[in-house]
Amino acid sequence: MGRIKRALGRARYAAIGGAIGGAVGGLFSRNAASSGAAVGALIGATLGEKRTDVDAVVERVKEKGEQATADAD
């Protein structure tokens with residue numbers, strides 16, 4: 001399940017980045033729109049990968065905290 005979640009997160013951020021990059025590039029020319037979309041998608045995929053990793057770490061820390069609280073009781 002982790003691989004699917006990571007892939008979907010990366011795809012979501014890549015789509016958002018591509019849309020933003022294409023819109024900004026489209027203000028200048030068609031070629032810039034294409035290049036902007038590509039760069040935006042690459043940046044978005046990178047951010048999506050990092051975000052998924054951070055969310056996984058936070059989830060593990062929460063689980064350890066809950067387990068430590070339960071052990072203390």
Side-chain angles (χ1 to χ4, degrees):
M1 189 69 170
R3 291 176 63 181
I4 293 172
K5 185 176 180 181
R6 187 179 320 135
L8 289 175
R10 200 171 35 221
R12 180 177 55 236
Y13 281 97
I16 293 168
I20 293 170
V24 171
L27 296 173
F28 300 104
S29 70
R30 287 185 193 171
N31 290 336
S34 175
S35 298
V39 171
L42 181 63
I43 292 170
T46 303
L47 291 176
E49 182 72 25
K50 298 298 180 190
R51 169 117 184 172
T52 304
D53 291 343
V54 170
D55 288 344
V57 170
V58 169
E59 190 64 34
R60 279 185 288 195
V61 169
K62 283 182 182 178
E63 289 174 2
K64 286 183 181 180
E66 291 171 357
Q67 184 180 20
T69 303
D71 291 343
D73 292 336

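Residue numbers run from 1 in the order of the sequence given. On a predicted model such as this, the values are computed, not experimentally measured, just so you know.
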- With sequence neighbours excluded, tell me which residues meet side-chain contact (heavy atoms from CB on, under 4.5 Å) with Ala32. Phe28, Ser29

- Query: What residues, two or more places apart in sequence or in another chain, satisfy side-chain contact (heavy atoms from CB on, under 4.5 Å) together with Ala45?
  - Reply: Arg10, Ala14

- Message: Applying side-chain contact (heavy atoms from CB on, under 4.5 Å), can you list everything that pairs with Ile43, at least two apart in sequence or on another chain?
- Response: Val39, Leu47

- Sorted by chain and residue number, the side-chain contact (heavy atoms from CB on, under 4.5 Å) partners of Leu42 (sequence neighbours excluded) come out as none

